[in-house]
Structure formats: C-alpha cells, structure tokens
Amino acid sequence: MQVAVMLGNVRSQQGSYECATRGNTAVIIVSGYLSVAADKREEYISGCHSVIEQARAADGCLDFALSPDPIDPGRINVYERWESDEQLMKFRGSGPDDEQNAEILGADVWRYRISAKEAP
C-alpha cells in the first residue's frame, strides 16, 4: 500500500474556514482505493467488518469506512479520519491479515494532513 503525506493550508475565497486541528496537530485523512477481484469484493468487505469496528473504537479514530465502488466491481473505496499520526500508526499495526493482503491486487491510498475545514 502506498502512503504519502500532503501538507498545506485550505483557504476559502467565499467565507471563513474552521480550524480542523487538535492542538498543534492536523487531522489525518487516509483516502483512496483497493483493487480486488470483482467476484471477491463482497467477501473481502465482509471479512473486514471486525477491522472496521476495531478502528471505529480505537483511540483517535474519527471515522473509518471501506465501501464498494458503485461503478468499478473490483474497487473498494477507503476513507479514514484520525486525530493524529501516532493514533493512526498504533492502529495500523493491527491491519489486514496475510489472507486479506493476498486478495489485494493493487492499491492507491494516500495520507493527507488537513489543517482546516469549511462548509461545502
């Protein structure tokens, strides 16, 4: 799984923005997708239910979702939101098992450091 960090400030030209930081640490977003065999996607996601529950209960997890893509039958969308790198990495040590990893044909998942948020 590829992981990179994107740093920067979000600025709004239409109105103000709300600081999304917790102290001096930006909120962390992990976003992207996994590719699996189309006929294995539902089984893969079902096999991740306990991981999703563990993540959502983990200290510092603000959101965690793995969802089927509505267009690509072999794509699983990834979305995570964490309070800090430390909390993310502590959870990451309990990631997919070897069987789940073997099902992943490809991945494009990135880590973003968000310093502000605003209404759409």
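Starting from 1, each residue takes its place in the sequence as its number.
For Ala55 against Cys61, the heavy-atom pair with the smallest separation is O-CB, 2.9 Å. The two residues Tyr79 and Asp63 come nearest to each other via the heavy atoms CE2-OD2, 3.4 Å.
With a 6.0 Å cutoff to the six-membered ring centre and a 45° limit on the axis angle, Arg75 counts as a cation-pi contact of Tyr33.
Salt-bridge formation is detected for the pair Glu80/Arg92: a Lys NZ or Arg NE/NH1/NH2 atom is positioned less than 4.0 Å from an Asp or Glu carboxylate oxygen.
Put simply, the side chain of Glu83 does not reach to within 4.5 Å of the side chain of Val27, judged on heavy atoms. At a threshold of 4.5 Å between non-hydrogen side-chain atoms, the residues Ser31 and Tyr112 count as touching. For the pair Leu34 and Val78, the minimum side-chain heavy-atom distance is below 4.5 Å. The side-chain heavy atoms of Arg113 and Asp85, taken from C-beta on, include a pair separated by under 4.5 Å. For the pair Ile76/Tyr44, a side-chain contact is recorded, criterion being any heavy-atom separation below 4.5 Å from C-beta on.
For the atom pair Ser35 OG and Asp72 CG, the distance stands at 6.5 Å (nearest 0.5 Å). Between the CZ atom of Arg41 and the OG atom of Ser67 there is a distance of 9.0 Å, given to the nearest 0.5 Å. For the atom pair Cys48 SG and Glu53 CD, the distance stands at 11.5 Å (nearest 0.5 Å). Summarising the geometry, atom CG belonging to Leu66 is positioned 9.0 Å from atom NE2 belonging to His49; distances are rounded to the nearest 0.5 Å. We find the CZ-CZ distance between Arg56 and Phe91 to be 11.0 Å, quoted to the nearest 0.5 Å.
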Could you go step by step and tell me if Ile28 and Arg81 meet the side chain to side chain contact (heavy atoms under 4.5 Å, CB included) rule?
CA-CA 6 Å; Ile28 307 302; Arg81 196 161 40 101; over 6 Å; no
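Side-chain contact of Gln87 with Ser84: a donor-acceptor pair under 3.5 Å is present, judged by distance alone.
Residues Ile52 and Leu88 are members of one and the same hydrophobic cluster, defined by side-chain heavy-atom contacts under 4.5 angstrom among Ile, Leu, Val, Met, Phe, Trp and Tyr.
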